[in-house]
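Below, each value reflects all heavy atoms present in this structure, side chains not excepted, and no hydrogens, waters or symmetry copies.
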Amino acid sequence: MVGEFGLRTARAGRIHHPPRRHLQILLFAGALAAGSGCVYFNSLYNANRLYDQGRSEMDEGREAVGRSTLGSSIEKAEGIVEESPDSRWADDAWRLIARARLLRLEWNEAAEASRSLMRYAQTGKDSAEAAGYLGSAELNLGNPAFADSLLSVALAEERDEDRRAQFLHGRARARAQLGHLDEANEDLLLVSALRPDWIIPRIDRVGLLVDDGRAAEAGIELAALLQLDLTGREQEAVLETAERVAERSPETALVGLADLESSGFEREVRGLLVKLRGDLRLARGDNEGARSDYEQAASLAGTTRAGIDAGLTAAQIQLRGASSLEEIVEAESLLADLELRPAGRRPDIMRLRDTLIRMEYWVTAGGLGYVIAAETARDQLEAPEFARRLFLRYADEEPDALWAAKAILAALELSDLDSAPQGDEEYGGAGGEELRRRLRKDYSDSPYVLAVLGEPATDGLTYEEVELMLLRQLDRLESLAGTEVRAVRSGAERQ
């Protein structure tokens with residue numbers, strides 16, 4: 001050990017024999033020096049071991065544990081430079097401190113440690129490495145121009161491939177912030193050539209390509225990332241990038257998300273990505289594609305708020321395009337499934353489901369049930385086609401009722417006013433012109449038609465009287481439907 005740590009020995013022929021007491025003193029001093037060297041070496045060894053452990057923990061996504069382990073590594077390394085700043089291990093200790101501070105995102109402390117390391121540099125290579133660490137810190141302190149210069153100095157000398165890749169990635173980020181997008185892209189490509197398994201630089205390149213107006217390339221790169229076997233942390237980073245791309249270039253995001261079904265991402269992350277694709281499809285008017293995505297997202301990520309939101313949106317899209325009671329019942333079943341999940345017992349979901357239960361009751365009851373169901377479809381569900389069909393169904397089944405003209409007028413408001421008759425299709429085939437003809441022919445003396453024309457009522461009930469009678473009937477149907485809702489919910493609870 002003595003030789004290993006630099007205590008020189010003399011050749012045998014040149015040894016002088018000091019007195020015994022002096023020999024004991026020299027041996028004691030040598031033992032102290034050797035012991036001191038062993039202490040610092042052991043401290044540095046333990047600090048390096050803790051650094052490797054902490055870095056692995058952070059790579060595995062255990063951020064808090066990794067930061068704590070790195071903190072212990074820093075403490076041991078700082079002990080060396082505080083107790084013996086001139087130790088042969090001091091530069092290694094500062095190097096370790098700088099790297100650990102960078103991993104802990106402690107930029108000011110990392111910059112300070114990097115400057116200290118630079119003071120120990122004995123070669124251009126040593127100075128370049130310290131400049132690289134300082135450049136990484138300065139980049140995150142908001143000084144991209146200074147970081148670009150420092151990292152360029154580091155890259156001129158650095159030959160270690162891992163450090164070159166790290167410094168190239170840092171310089172790419174600095175140059176992107178400075179608006180030098182072509183140079184930043186070149187650096188990111190070099191990073192991937194050195195370390196094709198590093199995902200974050202590839203993620204950064206997607207955003208860079210979007211910013212540079214190279215949407216097609218960005219979409220292809222995003223699609224490629226979704227097919228890789230990534231850690232949970234990397235998958236979340238891809239999700240965040242996809243969301244940013246969607247904000248800047250929806251079409252690019254749709255290209256990148258086109259083949260999500262073949263992705264091996266975790267169910268919850270994949271569900272969030274599918275929901276994002278649904279949002280983009282809905283915004284461009286692709287209701288059916290969006291609905292399919294939302295249903296898939298609700299299945300994949302249904303326990304999350306986003307998954308529940310996706311299920312609710314899928315039901316709302318179905319309702320807006322509904323034209324039959326079967327579609328209403330199907331949407332109600334979807335909401336019932338959402339309610340079974342802990343995050344799904346939300347007031348908005350429960351209110352909508354109660355409305356659909358009422359709708360089913362009214363349509364099944366018939367008569368004025370069609371009218372109240374139609375008004376609910378029109379005003380609450382934003383389902384104009386179904387509302388129109390229900391209004392006409394009432395008028396067709398009860399043409400002599402006081403409120404038949406009201407139903408036809410309501411259907412006319414939801415019709416294409418210039419359309420011709422569409423044949424005998426059940427409950428909704430009549431076009432706008434056909435409905436006007438029926439009103440003129442069969443209901444010219446109706447209080448509702450006269451009120452629309454601004455003419456006074458003829459002999460019989462006035463508009464106000466007929467409307468008051470209707471409201472009483474509809475209130476009764478509302479009350480009966482409330483009883484039905486309570487019965488359905490009570491039965492579900494018993495099951």
Side-chain angles (χ1 to χ4, degrees), residues 278-279 281-283 285-295 297-298 308-339 344-397 403 406-416 425-428 470-471 473-489 492:
D279 293 339
R281 285 177 168 172
L282 185 62
D286 180 6
N287 291 343
E288 283 306 307
R291 176 186 161 193
S292 175
D293 279 344
Y294 287 130
E295 289 177 348
I308 298 298
D309 286 341
L312 175 58
T313 306
Q316 291 170 330
I317 292 174
Q318 177 166 341
L319 291 171
R320 285 196 289 270
S323 60
S324 67
L325 179 61
E326 289 73 20
E327 291 169 288
I328 301 298
V329 173
E330 185 179 342
E332 190 270 323
S333 177
L334 175 57
L335 295 174
D337 178 65
L338 293 179
E339 283 189 15
R345 292 191 63 80
R346 292 175 6 192
D348 54 345
I349 292 175
M350 298 178 74
R351 281 194 300 269
L352 181 55
R353 185 186 172 208
D354 288 350
T355 297
L356 300 188
I357 294 172
R358 290 187 178 92
M359 288 275 293
E360 183 179 0
Y361 172 81
W362 291 325
V363 175
T364 303
L368 285 174
Y370 296 141
V371 174
I372 190 170
E375 290 182 343
T376 302
R378 178 192 63 196
D379 301 336
Q380 297 185 37
L381 304 184
E382 300 178 16
E385 179 60 25
F386 190 43
R388 182 179 185 277
R389 287 172 176 270
L390 289 173
F391 281 128
L392 291 178
R393 185 169 187 176
Y394 174 73
D396 288 347
E397 291 188 6
W403 302 285
K406 176 184 176 73
I408 294 174
L409 285 166
L412 186 59
E413 289 183 348
L414 298 171
S415 302
D416 180 354
E425 182 185 343
E426 185 181 14
Y427 313 128
L470 175 62
L471 291 176
Q473 295 279 1
L474 297 185
D475 284 345
R476 177 176 173 274
L477 286 170
E478 181 71 55
S479 177
L480 291 172
T483 301
E484 177 69 9
V485 169
R486 290 190 290 274
V488 170
R489 290 199 171 278

My understanding is that only residues two or more places apart in sequence, or in another chain, count here; which of them pass side-chain contact (heavy atoms from CB on, under 4.5 Å) with Glu360?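 Here the qualifying residues are Leu325, Val329, Thr364.
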Hey, what do you get for [atom1] ([X]) to [atom2] ([Y]), rounding to the nearest 0.5 Å?
X	Y	atom1	atom2	answer
Asn287	Gln316	CG	CD	12.0 Å
Thr376	Leu356	OG1	CG	10.0 Å
Leu470	Asp475	CG	CG	9.5 Å
Arg353	Leu312	CZ	CG	13.5 Å
Ile328	Glu332	CD1	CD	10.5 Å
Leu412	Ile408	CG	CD1	9.5 Å

Salt bridge (charged side-chain N to carboxylate O under 4.0 Å, His left out) involving Glu330 - partner list, sequence neighbours excluded: Arg291
Quick test of your reading of the model: are Glu288 and Arg281 salt-bridged, counting only N-O distances below 4.0 Å? no
Side chain to side chain, [X] and [Y], heavy atoms closer than 4.5 Å:
X	Y	answer
Asp309	Arg346	yes
Phe386	Met359	yes
Arg489	Met350	yes

Worked verdict on Glu484 versus Val488 for side-chain contact (heavy atoms from CB on, under 4.5 Å): CA-CA 6 Å; Glu484 177 69 9; Val488 170; 3.8 Å; yes
Judged by atom type as modelled, is there a donor-acceptor pair below 3.5 Å linking the side chain of [X] to the main-chain atoms of [Y]?
X	Y	answer
Trp362	Leu477	yes
Tyr361	Glu478	no
Thr355	Arg351	yes
Glu385	Gly321	no

Could you pull out the closest heavy-atom pair between [X] and [Y], with the gap in Å?
X	Y	value
Ser415	Arg388	OG-NE, 2.6 Å
Tyr370	Val363	CE2-O, 3.4 Å
Pro384	Leu414	O-CD1, 3.8 Å
Leu338	Ile349	CD1-CD1, 4.3 Å
Ala331	Gln318	N-NE2, 3.8 Å
Ala387	Ala374	CB-O, 3.3 Å

With no hydrogens and no angle check, just 3.5 Å: does a side-chain donor-acceptor pair link Arg486 and Thr483?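 Yes, side-chain donor-acceptor contact under 3.5 Å.
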Looking only at side-chain N and O atoms, does Asp279 offer a donor or acceptor that is under 3.5 Å from a partner on Tyr294?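 Judged by distance alone, the side chains do pair up.
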Does Leu390 form a side-chain contact (heavy atoms from CB on, under 4.5 Å) with Tyr394? I'd like the steps, not just the answer. CA-CA 6 Å; Leu390 289 173; Tyr394 174 73; over 6 Å; no
Please walk me through it: do Leu368 and Arg476 pass side-chain contact (heavy atoms from CB on, under 4.5 Å)? CA-CA 10 Å; Leu368 285 174; Arg476 177 176 173 274; over 6 Å; no
Test side-chain contact (heavy atoms from CB on, under 4.5 Å) on Glu375 and Arg378; report intermediate values, then the result. CA-CA 5 Å; Glu375 290 182 343; Arg378 178 192 63 196; 3.7 Å; yes
